[in-house]
Amino acid sequence: AEYQYILVERDERVGIVTLNRPTKLNALNTQLVAELSTALEDLDRDEAIRCIVITGAGERAFAAGADIEEMADKSPIDMLLGGFEAWERIRRIKKPLIAAVNGYALGGGCELALHCDIIVASENARFGQPEILLGIIPGAGGTQRLARTLGKYRTMEMVLLGNQISARELAELGLVNRVVPQGEHLKEALKIAKELAERPPIAIRLAKEAVLAAFETSLEEGLEAERKNFFLLFASEDKREGMRAFLEKRRAQFQGR
Ligand code: HXC
C-alpha cells in the first residue's frame, strides 16, 4: 500500500511503522491514524511478522499529539464521523507492539505509546497529556490507561496540569520499560522485538490477550481468560516442541502452529 504519512518496513520478522510527518512533529491527523491502523492490521495478518515497532521520524518527536490545526474548527459530529474508530482498530492488534519513543510523546502521541505493550524511550523523551491546555481532555484512552498504570494521583497530575514528564521519571513509575541514550531507542526496540520474534507466536498472542484482560475486565474474568488461553495452548505444536526440547536438552524450534 502507498502511504503519505507513514513508512512501513520489515526487518526479518519485525514490522516497523514510522510516523512520518517530522516537520509537524508527527502530529496525528486523521489520515495518518487511518494509515497507521491499516498498516498495523496488515502486519498483524502477515504470518511472517512476529512483532511490530512503532516509532517517529526525525530527531524531535514520536508524535506531538492529534493535529490541532485539523481539530480547531471541528464539531462533535465531525469528530464522531471523522474516523476516530481507527484507535479501536489499533487497540485490537494481536501481535506485540513496541513503542520506540524519541522526543515528544504528547496527547494522542502519548496515548499511542500507551496502546503499545512495551515502551522504549530515548533519554530525551518527554511524555504528557497537554489536552487540558487546549480546553479538552485525552480522547484515545489516556485517562484510563494512565490511571490503570500510574494510579490516581500521578494520573490526575498529568491530566489536570498537562505538564511534561521525562522518560526517566516514567520508567521509575513503571510506565516506560527502558530508557536508553538519545538516538538508541529504535535499536533497543528492535533488539527486544527480535527476541520476541523467537518466542512461540501463538503463546505470545494469547499471553498478550491475557495480560490486557487485567486492564479491561474484572479479576474474575481476567483469571478465566488466562485459564482458557493456558489450556488452549496445550493443543499447539509449539507446546509439544517447547516441552520436548527442554526434556531433550536442546533449543526449541517454534513453528507458530
Ligand atoms: C499540529 C503541531 C502539533 C500538533 C506541533 N505542531 N505539534 N501541529 N498539531 N499537535 C507543529 C507546529 O505547529 C509547528 O508547525 C511544528 O509542528 C513544530 O512545532 P513547534 O511548536 O514550532 O516546536 P516547539 O516550539 O519546539 O514546540 C514543541 C511542542 C509544541 C512543545 C511539542 O509543538 C506543542 O506544544 N505542540 C502541541 C502539543 C499538544 O498540545 N498536543 C496535544 C494535542 S490534542 P509550523 O508549521 O508552525 O512549523 C490531542 C488530543 C488527542 O492530542 C485525542 C485523541 C487522539
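First listed ligand is number 1; within each ligand, the first listed atom is number 1. We count residues from 1, following the sequence as given. Heavy atoms only: backbone and side chains are in, while hydrogens, waters and symmetry mates are out.
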Quick one: does [atom] have a protein heavy atom under 4.0 Å from it?
atom: atom 13 (O) of ligand 1; value: no
atom: atom 34 (C) of ligand 1; value: no
atom: atom 4 (C) of ligand 1; value: yes
atom: atom 10 (N) of ligand 1; value: yes
atom: atom 49 (C) of ligand 1; value: yes
atom: atom 45 (P) of ligand 1; value: yes

What I want to know is whether [X] and ligand 1 share at least one N or O pair that is separated by under 3.5 angstrom.
X: Phe84; result: no
X: Glu69; result: no
X: Ile68; result: yes
X: Pro138; result: no

Notebook entry, point to check: Is it true that atom NZ of Lys239 has more than 12 heavy atoms of other residues, nucleotides or ligands lying nearer than 6.0 Å?
Noted result: yes

Give me the nearest non-hydrogen protein atom to [atom] as residue plus atom name, then the distance to 0.1 Å.
atom: atom 8 (N) of ligand 1; result: Ala27 CB, 4.1 Å
atom: atom 25 (O) of ligand 1; result: Arg60 NH2, 4.9 Å
atom: atom 41 (N) of ligand 1; result: Ala64 O, 2.9 Å
atom: atom 15 (O) of ligand 1; result: Lys24 NZ, 3.4 Å

Notebook entry, point to check: What is the ring orientation for Phe234 with Phe230, classed by angle as parallel under 30°, tilted 30 to 60°, or perpendicular over 60°?
Noted result: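 Perpendicular: the ring planes of Phe234 and Phe230 meet at over 60°.
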
Determine, for [X] against [Y], whether the closest basic-nitrogen to carboxylate-oxygen distance falls under 4.0 angstrom.
X: Lys228; Y: Glu221; result: no
X: Arg244; Y: Glu237; result: no
X: Arg251; Y: Glu198; result: yes
X: Lys194; Y: Asp11; result: yes
X: Lys24; Y: Glu70; result: no
X: Arg50; Y: Glu12; result: no

Numbering the atoms of ligand 1 from 1, which are under 4.0 Å from a heavy atom of [X]?
X: Pro130; result: 39 (C), 40 (O), 41 (N), 42 (C)
X: Trp87; result: 55 (C)
X: Met71; result: 44 (S)
X: Glu111; result: 51 (C), 53 (C), 54 (C)
X: Gly108; result: 49 (C), 51 (C), 52 (O)
X: Leu134; result: 40 (O), 43 (C), 44 (S)
X: Gly107; result: 42 (C), 52 (O)

Checklist line | Stepwise side-chain contact (heavy atoms from CB on, under 4.5 Å) test for Ile93 and Glu41 | finding: CA-CA 7 Å; Ile93 298 298; Glu41 283 174 345; 4.0 Å; yes

Check: Going by atom types only, do Gln31 and Gln4 share a side-chain donor-acceptor pair under 3.5 Å?
Finding: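 Yes - a donor-acceptor pair under 3.5 Å links their side chains.
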
Check: So, Thr38 versus Arg89: side-chain donor-acceptor pair below 3.5 Å or not?
Finding: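 Short answer, yes.
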
Item checked: Minimum-distance pair of heavy atoms, taken over all atoms of Glu131 and Gly107 -> OE2-CA, 3.1 Å

Notebook entry, point to check: To which of Thr23, Asp67, Leu133 does the heavy atom nearest atom 16 (C) of ligand 1 belong?
Noted result: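 Considering heavy atoms of Thr23, Asp67, Leu133, the nearest to atom 16 (C) of ligand 1 sits in Thr23.
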
Check: Taking atom 19 (O) of ligand 1 as the point of reference, which of Leu112, Leu28, Leu25, Leu106 owns the nearest heavy atom?
Finding: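 Minimum heavy-atom distance to atom 19 (O) of ligand 1 goes to Leu25.
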
Show me, pair by pair, the donor-acceptor contacts under 3.5 angstrom made by side chains of residues 163-170, not counting sequence neighbours?
from, atom 1, to, atom 2, distance (Å)
Gln164, OE1, Arg126, NE, 3.3
Ser166, OG, Glu169, N, 3.2
Arg168, NH2, Glu123, OE1, 3.0
Glu169, OE2, Arg154, NH1, 3.2

